[in-house]
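Start at 1 and go down the list; that is how both ligands and their atoms are numbered.
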Amino acid sequence: MGHDRTYWEELWARTLREHADKVAQRAPNAHLIAEVAGLRPGRSLDAGCGHGAETLWLAAHGWNVTAVDFSASALAHARSTADALGPEIAERITWVEGDLGVWAPPRGYFDFVTCLYVHVAGSVDEMVRRLSSGVAPGGTLLMVGHRPIDPVTGSPTAAASQVQVSVESATGALEPSAWDLVVAEERPRAIAGTGVDAVIVARRRAT
Ligand SMILES: C[S@@+](CC[C@H](N)C(=O)[O-])C[C@H]1O[C@@H](n2cnc3c(N)ncnc32)[C@H](O)[C@@H]1O
């Protein structure tokens, strides 16, 4: 089973049709909330924004957000949620239908770039390099990937058929002279029994 645009579009269309209530209740990502807490709001990128929980949270906390996903259904749902919250939120967000296999941010434009739980068809290193090129000097990168094997049980997780970021792939893609690593570790997921997340936070050096 591939995780291409058709797969995600069908999954989002079905999920939003059948479980819109559950989707609406999903809390924004705890790693993101923790890492953004100390940052001054500016321009942010949510790459693979899905139904927009983190994008909306960022906008509600004063960030301008560029939110990219290749699922038109997820984006339409996210946009209407933002519109319902009012212009103060909605006007801070630019929704972009784009393929993160090729989409590149404007170089050095964003104060905060995040990519949460996105499977890539190509090389993770290449995607990390491409997305991180959008981070401004002094800006922050947050990459999170659900690891395919639960280190406690040795069992495959829900991400077993996917290629998401690992600590090694993300840190290996960042030029050491240009970045300070703030976090590079595996953390247990909030929901018990679903393994660990690789969490990578890096700050681009100002010079
Ligand atoms: C597991 S969901 C995570 C969504 C959100 N970041 C979150 O943490 O809840 C992965 C998201 O990435 C999107 N996605 C996957 N591959 C993509 C690609 N190549 N280009 C753009 N979006 C992609 C999917 O449509 C989906 O919304």
Determine whether a donor-acceptor pair (N or O, by modelled atom type, separation under 3.5 Å) exists between the side chain of Arg203 and the backbone of Asp180.
no
Donor-acceptor pair, Thr157 side chain versus Pro148 backbone, under 3.5 Å?
yes
Parallel, tilted or perpendicular: which describes the rings of Tyr117 and His146, with under 30° parallel and over 60° perpendicular?
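Rings of Tyr117 and His146: perpendicular, over 60°.
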Expected contact list for ligand 1 at under 4.0 angstrom, heavy-atom basis, is Trp8, Trp12, Arg26, Gly48, Gly50, Glu54, Asp69, Phe70, Ser71, Gly98, Asp99, Leu100, Gly101, Leu116, Tyr117, Val118, His119
If only side-chain N and O atoms count, and only distance matters, is there a donor-acceptor pair under 3.5 Å linking Thr194 with Arg189?
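There is such a pair (donor and acceptor under 3.5 Å, judged by atom type) between the side chains of Arg189 and Thr194.
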Who are the side-chain contact (heavy atoms from CB on, under 4.5 Å) partners of Ile149, not counting sequence neighbours?
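Expected list: none.
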Geometric cation-pi criterion, Arg43 with Tyr109: 6.0 Å, 45°
yes
